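None of the values given here were measured: they were computed from a predicted structure. Just so you know, ligand 1 is whichever comes first in the structure, and atom 1 is the first atom listed for that ligand.
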Amino acid sequence: MTTRTPLMAGNWKMNLNHLEAIAHVQKLAFALTDKDYDAVEVAVLPPFVDLRSVQTLVDGDKLKIKYGAQDISAHDSGAYTGEISGPMLSKLKCTYVAVGHSERRQYHGESDEICNAKVKAAFRHGITPILCVGEGLDVRKAGQQVPYTLSQLDGGLEGVPADQVESIVIAYEPVWAIGTGEVATPDDAQEVCGAIRGRLAELYSQELADKVRIQYGGSVKSGNIAAIMAQPDVDGALIGGAALDAEEFVKIVRFRDQ
Ligand SMILES: O=C[C@H](O)COP(=O)(O)O
């Protein structure tokens with residue numbers, strides 16, 4: 001019997017300016033009820049430039065919605081033009097930060113070593129990393145999705161102690177399913193999410209592995225979320241496109257009603 005609270009996190013990617021962000025979070029706040037928040041943790045990951053506006057709204061209206069960033073610098077300060085540090089995100093009271101999203105790995109050359117440094121930077125400043133892992137189509141076609149993803153997991157967690165890892169969130173996002181409309185089957189999601197939990201048990205302990213939330217991400221919508229959430233090792237979703245539509249995101253949060 002799991003006691004893990006599902007985490008539904010909307011990764012807005014490079015969408016919604018700060019004014020649109022306010023309107024969007026207001027729509028979510030209007031629709032979501034205490035019953036929703038009791039059942040599911042709800043978070044949004046807006047672009048950096050929206051975070052102060054979202055923080056002001058969440059603080060001012062005492063909203064239960066959580067928020068976080070889409071990336072974090074591995075460094076805490078200094079001559080790193082364009083980067084945003086852990087102390088800056090922590091000052092904005094970010095609960096979460098995505099680390100190693102496949103779009104960061106693909107377009108910004110983020111290696112497992114960089115992701116590992118970013119995981120450590122997040123923990124250093126009291127922010128929970130959502131470490132993203134997952135294979136591309138070539139790896140999936142070769143049937144190597146489990147070893148490939150576990151190797152990313154190992155790299156991302158290198159040297160991270162158990163007392164931090166027990167609060168981490170892992171997002172399994174098969175790259176071939178991101179923004180393509182191609183959803184992994186519930187069995188595909190379970191295969192890799194189950195393997196991730198198994199690996200956490202090997203690296204740390206079964207007790208720790210049972211605490212860690214593992215999300216699925218990749219073309220999640222209200223119509224497919226219930227079957228994915230029915231899998232024993234899937235504890236939520238990292239939602240891209242569908243999170244930009246407030247009504248659709250709320251339906252995903254209410255996956256139990258589907
Ligand atoms: O972070 C979210 C994932 O990349 C999934 O994006 P998507 O729901 O648009 O496929």
Before accepting this row, confirm whether a basic side-chain N of the pair [X]/[Y] lies closer than 4.0 Å to the acidic partner's carboxylate O.
{"X": "Asp235", "Y": "Arg197", "answer": "yes"}
{"X": "Arg140", "Y": "Asp188", "answer": "yes"}
{"X": "Lys64", "Y": "Glu41", "answer": "no"}

Polar contact flag, side-chain donor to acceptor under 3.5 angstrom, [X]-[Y]:
{"X": "Gln70", "Y": "Glu103", "answer": "no"}
{"X": "Asp154", "Y": "Ser151", "answer": "no"}
{"X": "Ser205", "Y": "Glu207", "answer": "no"}
{"X": "Asp71", "Y": "His101", "answer": "no"}

Identify which of [options] has a heavy atom lying nearest to [atom].
{"atom": "atom 6 (O) of ligand 1", "options": "Lys13, Gln70, His101", "value": "Lys13"}
{"atom": "atom 9 (O) of ligand 1", "options": "Gly134, Ala237, Gly241", "value": "Gly241"}
{"atom": "atom 10 (O) of ligand 1", "options": "Gly179, Ala9, Ala98", "value": "Gly179"}

Atoms of ligand 1 close to [X] [distance to a heavy atom under 4.0 angstrom, numbered from 1]:
{"X": "Gly218", "answer": "5 (C), 10 (O)"}
{"X": "Ser219", "answer": "7 (P), 8 (O), 10 (O)"}
{"X": "Ile178", "answer": "4 (O), 5 (C), 6 (O), 10 (O)"}
{"X": "Asn11", "answer": "1 (O), 2 (C)"}
{"X": "Ala177", "answer": "10 (O)"}

When you measure from the heavy atoms of [X] to every atom of ligand 1, does any distance fall below 4.0 Å?
{"X": "Ala171", "answer": "no"}
{"X": "Lys221", "answer": "no"}
{"X": "Ala242", "answer": "no"}

Considering residues, nucleotides and ligands other than Lys221, do more than 12 of their heavy atoms fall under 6.0 Å from its NZ? yes
CD (Glu158) with more than 12 external heavy atoms under 6.0 Å: no
Using a plain distance cutoff, I'd like to know if Thr180 has any nitrogen or oxygen under 3.5 Å from a nitrogen or oxygen of ligand 1.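 Thr180 vs ligand 1: no N/O contact under 3.5 Å.
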Polar proximity ligand 1 side, Glu103 side, N/O cut 3.5 Å exclusive: no
Atom 2 (C) of ligand 1: the protein heavy-atom neighbour that sits closest, reported with distance to 0.1 Å: Glu173 OE2, 3.1 Å
Looking only at protein heavy atoms, identify the closest one to atom 8 (O) of ligand 1 and say how far it is in Å. Gly240 N, 2.9 Å
Relative to the ring of Trp12, is the ring of His24 parallel (under 30°), tilted (30 to 60°) or perpendicular (over 60°)?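 Perpendicular: the ring planes of His24 and Trp12 meet at over 60°.
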Any idea which part of Ala243 is under 4.0 Å from ligand 1, heavy-atom wise: side chain, backbone, both or neither? neither
Heavy atom under 4.0 Å from ligand 1: found in Leu238's side chain, backbone, both, or neither?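 Both the backbone and the side chain of Leu238 come within reach of ligand 1.
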Identify whether Val133 and Val175 are in the same connected component of the hydrophobic contact network (ILVMFWY, side-chain heavy atoms under 4.5 Å).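 No, because Val133 and Val175 fall into different hydrophobic clusters, even though each may have its own neighbours under 4.5 Å.
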